Amino acid sequence: MRTRVLIAGLAAVGLVAGCAPAQNTPAASGGDEKSGTVRVWLFDEANRAPKEAAVKEAIAEFKAAHSGVEVDVQWIPVEGRADKFSGAFNDPASAPDVAEFGNTDVSSYAATGALADLTGDLSSWKEGADILPAVLETAKSGGKTYGLPWFTGIRALYYRTDLFAELGLKPPTTLAELTETARTIRAKKPELYGISVGGKYTYAMLPFLWAHGGEIAKQDGGKWKSSVDSEQAKAGVTAYANLLKADICPPEQCANLTGTQSITAFAGGKAGMSIGGDFNRKAVEAGQVKGKYAIMPIPGTEVGKIAPAFAGGNLLGVFNATKRKSLAVEFTQLLGGAKYQEKMYVAMGNLPTLGSVQQKLAASDPSVKPFVDTLTAGTKFVPATAAWSKIDAQNVLPTAIQQIATGGKDPAAALTAAAAEMNKAFG
């Protein structure tokens, strides 16, 4: 899941995934009434108006095509979603028909049995084949698809073009160059962070881990086991933690920064670079660096390579308890279709999940290209297990990053402890 009021921030970026309690009884099965009110839960936003306007247009179109049907939208605060969804899982009568939720929540939500399997619905949907395969994978758990990917959250490198020109700097071509560039900026402009990143910004760290050949976890005999204590993962996490140093982004100021705070510092003109999502562009455009920045994919460890980014994003799902299954699916497909994905991009900057819409936008808006290129190069996802919600909520990886950055523990000790906590959650 990406972050905005978040994640992700977000997704969260990042966004803390709520772990929903498993039901002790099977989820209630609904019906397929063709009239009445379709109840929809959508995430609230710091600036909801553009999103709400696009949704209202979709509702009007849907109602015009379905006589006797109403659509009631309830706006759910992201921070309070865990309690809201838990109530719906345990009391089907309070559940909506359609709901927006983050892709990092899929496995924990699917484990309750409350979400409808949309595999067949997406296969028969005329626009279903246009969903990018890597993005569709983030909607799956146990081989079943539990949501229509509404938008995806991909992160890239934001940098100050005016500052780079003034200091005679070039965009970094490797992660090592990125670090040296950040160090140069800080040395020549000590009032700025070389790059604004944070110890609580897991989704900025993951490209470093993956680019160095590390993995969060691997499956062994059907069971997940942490891999963050491997040499490759240790190299990647350490490379990221080294950005949280006095000569780049001082740990006393940056160790507790989240993704939202990191990009806010950049937008406010306090940093030479930052790692942000496509969903952060509106905030940056509203800041002091408008017209003075550019975006590029996060480089890999070798020239010409792109570091794998986390494939965040939000989905539209249907509850099993709905009494209006067909209407719920149809509304999901309307709101998640090409027409309204493009409108949501215009309204909120959300990167579409349909390949044709992405390519259309990339051709007309150059700032979309770095995110599309990153997605095309290959993204990765968190372990597809309900345990990830617990690991995320317990800040296991941010704790390790902070310990390394502040010198509280050496990388091997910090990541050995993190791996042990992760394996405890995996069971």
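Keep in mind it's a predicted model, so treat the numbers as computed, not measured.
- For the pair Leu327/Phe62, a side-chain contact is recorded, criterion being any heavy-atom separation below 4.5 Å from C-beta on.
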- Task: Check step by step if side chain to side chain contact (heavy atoms under 4.5 Å, CB included) holds for Val69 and Arg324.
- Result: CA-CA 10 Å; Val69 172; Arg324 299 170 178 83; over 6 Å; no
- Task: Mind running salt bridge (charged side-chain N to carboxylate O under 4.0 Å, His left out) on Lys51 and Glu100 for me, showing each step along the way?
- Result: CA-CA 13 Å; Lys51 178 178 182 178; Glu100 175 184 2; 3.0 Å; yes
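- Using a 4.5 Å heavy-atom threshold, the side chains of Cys249 and Leu243 count as separate.
- Between Trp75 and Pro77, the closest heavy-atom pair is O-CD, 3.7 Å.
- Counting only heavy atoms from C-beta outward, the side chains of Tyr109 and Tyr146 never approach each other to under 4.5 Å.
- Distance CG/Leu209 to OG1/Thr202: 11.0 Å, rounded to 0.5 Å.
- At least one donor-acceptor pair under 3.5 Å links the side chain of Thr399 to the backbone N or O of Asn395.
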Which donor-acceptor pairs under 3.5 Å do the side chains of residues 291-302 make with protein atoms, sequence neighbours left out?
| from | atom 1 | to | atom 2 | distance (Å) |
| --- | --- | --- | --- | --- |
| Lys292 | NZ | Gln288 | O | 3.3 |
| Tyr293 | OH | Glu285 | OE2 | 2.7 |

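- No hydrogens or angles considered: a donor-acceptor pair under 3.5 Å links the side chains of Ser326 and Asp32.
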- Task: Give the intermediate values and the outcome of side chain to side chain contact (heavy atoms under 4.5 Å, CB included) for residues Ile216 and Lys380.
- Result: CA-CA 10 Å; Ile216 301 173; Lys380 288 180 176 287; over 6 Å; no
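- In this structure, Ala418 and Ala400 approach most closely via the heavy-atom pair CB-CB, 4.2 Å.
- Side-chain contact between His66 and Phe331 is absent, with no heavy atoms from C-beta onward closer than 4.5 Å.
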- Stepwise side chain to side chain contact (heavy atoms under 4.5 Å, CB included) test for Gln402 and Lys200: CA-CA 8 Å; Gln402 292 168 326; Lys200 292 184 177 179; 3.6 Å; yes
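- For Ile404 against Ala414, the heavy-atom pair with the smallest separation is CG1-CB, 3.8 Å.
- A salt bridge links Lys424 to Glu421: one of the charged nitrogens lies within less than 4.0 Å of a carboxylate oxygen.
- A donor-acceptor contact closer than 3.5 angstrom is absent between the side chains of Thr37 and Asp72.
- Under the 3.5 Å distance criterion, the side-chain polar atoms of Asp278 are matched with a main-chain donor or acceptor of Ile154.
- For the pair Thr104 and Tyr203, the minimum side-chain heavy-atom distance is below 4.5 Å.
- Taking CG of Leu178 as the start and CD1 of Ile195 as the end, the distance is 4.5 Å to the nearest 0.5 Å.
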- Kindly determine whether Phe266 and Arg160 satisfy side chain to side chain contact (heavy atoms under 4.5 Å, CB included), including the steps that lead there. CA-CA 9 Å; Phe266 178 81; Arg160 290 272 299 275; 3.7 Å; yes
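- In this structure, NZ on Lys323 lies 15.5 Å from NZ on Lys34, to the nearest 0.5 angstrom.
- When all heavy atoms of Leu132 and Gly355 are compared, the closest pair comes out as CD2-CA, 3.9 Å.
- Taking 4.5 Å as the limit, every side-chain heavy atom of Tyr240 sits out of range of all side-chain heavy atoms of Leu175.
- The CZ atom of Phe310 lies 5.0 Å from the CZ atom of Phe381; values are rounded to the nearest 0.5 Å.
- Judged by distance alone, the side chain of Asn320 and the main-chain N or O of Gly113 form a donor-acceptor pair under 3.5 Å.
- No side-chain heavy atom of Tyr201 sits under 4.5 Å from any side-chain heavy atom of Gln261.
- Taking His212 as the reference, nothing meets the ring-ring contact (aromatic ring centres under 6.0 Å, His included) condition, with sequence neighbours excluded.
- Of the possible donor and acceptor atoms, none in the side chain of Thr145 sits under 3.5 Å from a partner among the backbone N and O of Thr119.
- Under the 3.5 Å distance criterion, with hydrogens and angles disregarded, no donor-acceptor pair is assigned to the side chains of Thr385 and Ser107.
- Between Thr138 atom OG1 and Leu136 atom CG the span is 7.5 Å, to the nearest 0.5 Å.
- Paired with Asp105 under the rule salt bridge (charged side-chain N to carboxylate O under 4.0 Å, His left out), one option of Arg81, Lys84, Lys390 passes, and it is Arg81.
- Nearest approach of Leu244 to Cys254, heavy atoms of both residues: CD2-CB, 3.8 Å.
- The backbone N or O of Ser389 sits nowhere less than 3.5 Å from a side-chain atom of Asp392 that would complete a donor-acceptor pair.
- Residue-environment remark: NZ (Lys218) stays at or below the threshold of 12 foreign heavy atoms within 6.0 Å.
- A distance of 7.0 Å separates NZ in Lys270 from OH in Tyr193, rounded to the nearest 0.5 Å.
- Using modelled atom types, no side-chain atom of Asp117 and backbone atom of Lys144 make a donor-acceptor pair closer than 3.5 Å.
- For Ser230 (side chain) and Gly214 (main-chain N/O), no donor-acceptor pair under 3.5 Å exists by modelled atom type.
- The two residues Ser262 and Gly198 make their nearest non-hydrogen contact at OG-N, 3.5 Å.
- Taking the side chain as every heavy atom from C-beta outward, Trp210 and Glu215 approach each other to under 4.5 Å.
- In this structure, Phe319 and Phe89 have parallel ring planes: the angle between them is below the 30° cut-off, well short of the 60° mark.
- One N or O on the side chain of Thr112 and one on the backbone of Ala114 form a donor-acceptor pair closer than 3.5 Å.
- Side-chain atoms of Asn423 come within 3.5 Å of backbone N or O of Ser226 as a donor-acceptor pair.
- For Tyr159 and Phe164, the ring centers are positioned less than 6.0 Å apart.
- A donor-acceptor contact shorter than 3.5 Å is absent between the side chain of Asp91 and the backbone of Gly87.
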Identify all side-chain donor-acceptor contacts of residues 332-346 below 3.5 Å with residues at least two apart in sequence or on another chain.
| from | atom 1 | to | atom 2 | distance (Å) |
| --- | --- | --- | --- | --- |
| Thr332 | OG1 | Ala328 | O | 2.9 |
| Gln333 | NE2 | Asp121 | O | 3.3 |
| Lys339 | NZ | Glu61 | OE1 | 2.9 |
| Tyr340 | OH | Glu57 | O | 3.3 |
| Tyr340 | OH | Glu61 | OE1 | 2.8 |
| Gln341 | OE1 | Thr353 | N | 2.8 |
| Gln341 | OE1 | Leu354 | N | 3.3 |
| Gln341 | NE2 | Gly336 | O | 2.9 |
| Gln341 | NE2 | Thr353 | OG1 | 2.9 |
| Glu342 | OE1 | Lys360 | NZ | 3.1 |
| Glu342 | OE2 | Lys360 | NZ | 3.3 |
| Lys343 | NZ | Glu57 | OE2 | 3.1 |
| Tyr345 | OH | Arg281 | NH1 | 3.1 |
| Tyr345 | OH | Asp365 | OD2 | 2.4 |

